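No experiment lies behind these values; they were computed from the predicted model shown.
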Amino acid sequence: MRRGGILNGALAGALARLGHTDRVLVCDSGMPLRRGAEIVDLAFLPGVPAFGTVLDGLLAEIVVEGATAAQEVREANRACDALLRERLPTLAYVPHDWLKELGRACELVVRTGEAHPYANVILSCGVPF
C-alpha cells in the first residue's frame, strides 16, 4: 500500500496510463458522463470529495500543459473560478455546451462529489521535461 499520494487504486492506475496530450475531465457530480470513457467516480456524498481537493491531488500527480473551463463558472461559481485561476494560470474558457462536447473526447473522467454548478475543468496532460 502506498504511504501517500492518491490511494484510490482505480485513479492511480488511470493516471499512470495517461500520455502526452491526453485529457482528463474533472467534474462535479451533475456532469453528464458518456459511456465508454474511463470513469473514476469518487463521489461519496454531496460535496465529498470536494472539487478543489480532487483537483489538488491530480495536480500533484500529473503535468498539465493547459486547462479549459466553462465560461459560465465566472458568474455562477466565483469561488471555483478563483480556485481554477489560482491553480491553472493557462486556463481558457469556452461555453458550457462546448465543454460538455470536449469532455466526451477525454481519455479519463474523474467525478467528484462537488454539488455546486460549473465545477468542471479539462486538464491537458504534458510531459515533465
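- Taking the side chain as every heavy atom from C-beta outward, L11 and L58 approach each other to under 4.5 Å.
- Considering only residues two or more places apart in sequence or on other chains, E75 meets the salt bridge (Lys or Arg N to Asp or Glu O under 4.0 Å) condition with R78.
- Cluster membership check: V26 shares its hydrophobic cluster with L18, using side-chain heavy-atom separations under 4.5 Å among Ile, Leu, Val, Met, Phe, Trp and Tyr.
- For the pair V54 and P49, the tightest heavy-atom approach, listed with the atom from each and the gap, is CG2-CG, 3.6 Å.
- Among residue pairs with one or both ends in residues 49-60, those qualifying as salt bridge (charged side-chain N to carboxylate O under 4.0 Å, His left out) are D56-R87; sequence neighbours excluded.
- Heavy-atom minimum distance, V94 versus L99: CG2-N, 3.8 Å.
- With sequence neighbours left out, the salt bridge (Lys or Arg N to Asp or Glu O under 4.0 Å) criterion links E65 to no other residue.
- Inter-residue side-chain proximity for L108 and D22 is flagged as unmet; no heavy-atom pair is nearer than 4.5 Å.
- Placement of L33 and L55 in two distinct hydrophobic clusters is found when ILVMFWY residues are connected by side-chain heavy-atom separations under 4.5 Å, directly or transitively.
- The two residues T90 and G66 come nearest to each other via the heavy atoms OG1-CA, 3.6 Å.
- No continuous path of hydrophobic side-chain contacts links L25 to V64 [ILVMFWY only; heavy atoms under 4.5 Å].
- If you take CG on L91 and CZ on R85, they are separated by 8.5 Å, rounding to the nearest 0.5 Å.
- By the 4.5 Å heavy-atom criterion applied to side chains, T112 and T53 are not counted as neighbours.
- Between L59 and L88 there is a side-chain heavy-atom pair separated by less than 4.5 Å.
- Heavy atoms only, all atoms of each residue included: M31 and H96 are closest at SD-NE2, 4.4 Å.
- Cluster annotation: V109 is not connected to L15 through the hydrophobic network of ILVMFWY side chains, with a link wherever side-chain heavy atoms come within less than 4.5 Å.
- Partners of R104 by salt bridge (Lys or Arg N to Asp or Glu O under 4.0 Å), not counting sequence neighbours, listed by chain and number: E101.
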Side-chain atoms of residues 114-129: list all donor-acceptor pairs with protein atoms under 3.5 Å, sequence neighbours left out, distances to 0.1 Å.
{"unit_1": "E114", "atom_1": "OE1", "unit_2": "F51", "atom_2": "N", "d": "2.9"}
{"unit_1": "E114", "atom_1": "OE2", "unit_2": "H116", "atom_2": "ND1", "d": "2.6"}
{"unit_1": "N120", "atom_1": "OD1", "unit_2": "D28", "atom_2": "N", "d": "2.9"}

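- Looking at every heavy atom in both residues, G52 comes nearest to L83 through CA-CD1, 3.8 Å.
- By the 4.5 Å side-chain criterion applied to Ile, Leu, Val, Met, Phe, Trp and Tyr, F44 is assigned to a cluster that also includes L45, V48.
- Although no hydrogens or angles enter the test, the distance criterion places a donor-acceptor pair under 3.5 Å between the side chain of R111 and the main chain of S29.
- With rounding to the nearest 0.5 Å, the separation of CG in L102 from CZ in R23 is 6.5 Å.
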